[in-house]
Amino acid sequence: MMAMSSLQKASIMTLAVIGCLLFLRGKIAHERFDSDRWKEGVHSEETSTLRWDMMNSLRMKHRLKGMSKSDIMELLGHPDGEWSGTFWYYLGFSKRGIDTGYLYLYFDETDRVARLHVSEG
């Protein structure tokens, strides 16, 4: 069997990287967070992944931990659910099959976000 040359190995690696990038295209969201668009929700086919796509931008642009409930509601609107010191917002489809997600915001006794969690399932 003939050994591969350096050029052949480099070509294969380049093709593998290009293949991975093409596969991931559309799976990594780069949607800029926009409060008004977030508040419109995920109620149509066109916006079914919008909130999910905005999550990275939201977490990078806004320090949610420490924000008050009123600040959160001004930024994200009324939660889709609330129970025992926790708000949750439906994120829509995650672009990984039929999985959907939620953003959970857990408030402390002073009504400030103590922690957050993004679930997918």
Side-chain angles (χ1 to χ4, degrees):
M1 200 182 263
M2 194 184 292
M4 273 198 234
S5 72
S6 296
L7 182 60
Q8 288 173 321
K9 288 179 184 177
S11 297
I12 290 172
M13 288 298 293
T14 301
L15 288 174
V17 168
I18 290 171
C20 286
L21 291 174
L22 288 173
F23 175 76
L24 290 174
R25 187 174 168 242
K27 303 228 185 254
I28 300 173
H30 298 288
E31 187 74 33
R32 232 176 79 225
F33 176 75
D34 179 298
S35 181
D36 292 331
R37 290 179 62 210
W38 175 283
K39 291 173 189 173
E40 290 171 8
V42 289
H43 306 294
S44 73
E45 191 172 323
E46 290 176 353
T47 61
S48 66
T49 64
L50 181 64
R51 285 183 175 177
W52 189 267
D53 294 344
M54 287 187 194
M55 274 307 303
N56 286 335
S57 176
L58 169 63
R59 288 188 283 191
M60 291 176 70
K61 186 176 179 181
H62 299 278
R63 183 170 158 76
L64 299 176
K65 192 171 179 180
M67 288 180 75
S68 69
K69 280 186 179 181
S70 60
D71 290 340
I72 290 292
M73 289 186 13
E74 184 177 322
L75 181 66
L76 303 177
H78 290 282
D80 295 312
E82 180 179 359
W83 184 75
S84 187
T86 303
F87 281 5
W88 61 88
Y89 293 87
Y90 179 64
L91 298 177
F93 289 98
S94 67
K95 294 186 180 176
R96 291 181 185 91
I98 59 171
D99 288 346
T100 59
Y102 286 88
L103 167 63
Y104 294 95
L105 300 172
Y106 301 91
F107 293 91
D108 63 18
E109 60 281 347
T110 65
D111 283 340
R112 297 205 171 269
V113 177
R115 67 184 181 94
L116 59 103
H117 174 74
V118 175
S119 73
E120 178 183 2

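A distance of 11.5 Å separates CD in Glu31 from CH2 in Trp38, rounded to the nearest 0.5 Å. To the nearest 0.5 Å, atom CG of residue Asp80 and atom CG of residue Leu103 are 10.0 Å apart.
When all heavy atoms of Tyr106 and Thr86 are compared, the pair lying nearest together is CD2-OG1, 3.3 Å. The two residues Leu75 and Lys39 make their nearest non-hydrogen contact at O-CE, 3.5 Å. Considering all non-hydrogen atoms of both residues, Asp34 and Met54 come closest at N-SD, 3.6 Å. Here the closest non-hydrogen pair linking Leu105 and Tyr89 is CD1-CE1, 3.9 Å. Closest approach of Ser119 and Trp52 over heavy atoms only: O-CZ3, 3.7 Å.
For the pair Met73/Pro79, a side-chain contact is recorded, criterion being any heavy-atom separation below 4.5 Å from C-beta on. Within the 4.5 Å cutoff, the side chain of Val113 has no heavy atoms near those of the Asp71 side chain.
The environment of Glu74 atom CD is sparse: at most 12 non-hydrogen atoms of other residues, nucleotides or ligands sit within 6.0 angstrom. The environment of Lys61 atom NZ is dense: over 12 non-hydrogen atoms of other residues, nucleotides or ligands sit within 6.0 angstrom.
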query: Hey, mind stepping through Glu40 and Leu50 against side chain to side chain contact (heavy atoms under 4.5 Å, CB included) and telling me if it holds?
result: CA-CA 10 Å; Glu40 290 171 8; Leu50 181 64; 5.7 Å; no
- request: Start with the C-alpha distance between Leu116 and Phe87, add both sets of side-chain angles, then the distance that settles side chain to side chain contact (heavy atoms under 4.5 Å, CB included), and finish with yes or no.
  value: CA-CA 10 Å; Leu116 59 103; Phe87 281 5; over 6 Å; no
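Tyr102 and Trp83 fall within the same hydrophobic cluster, defined by Ile, Leu, Val, Met, Phe, Trp and Tyr side-chain heavy atoms under 4.5 Å apart, directly or through other members.
With Ser57 contributing its side chain and Phe33 its backbone, the two residues share a donor-acceptor pair below 3.5 Å. Looking only at distances, no side-chain donor or acceptor of Arg51 sits under 3.5 Å from a matching main-chain atom of Leu91.
Remark: Asp53 does not engage Arg37 in a salt bridge, criterion side-chain N to carboxylate O under 4.0 Å.
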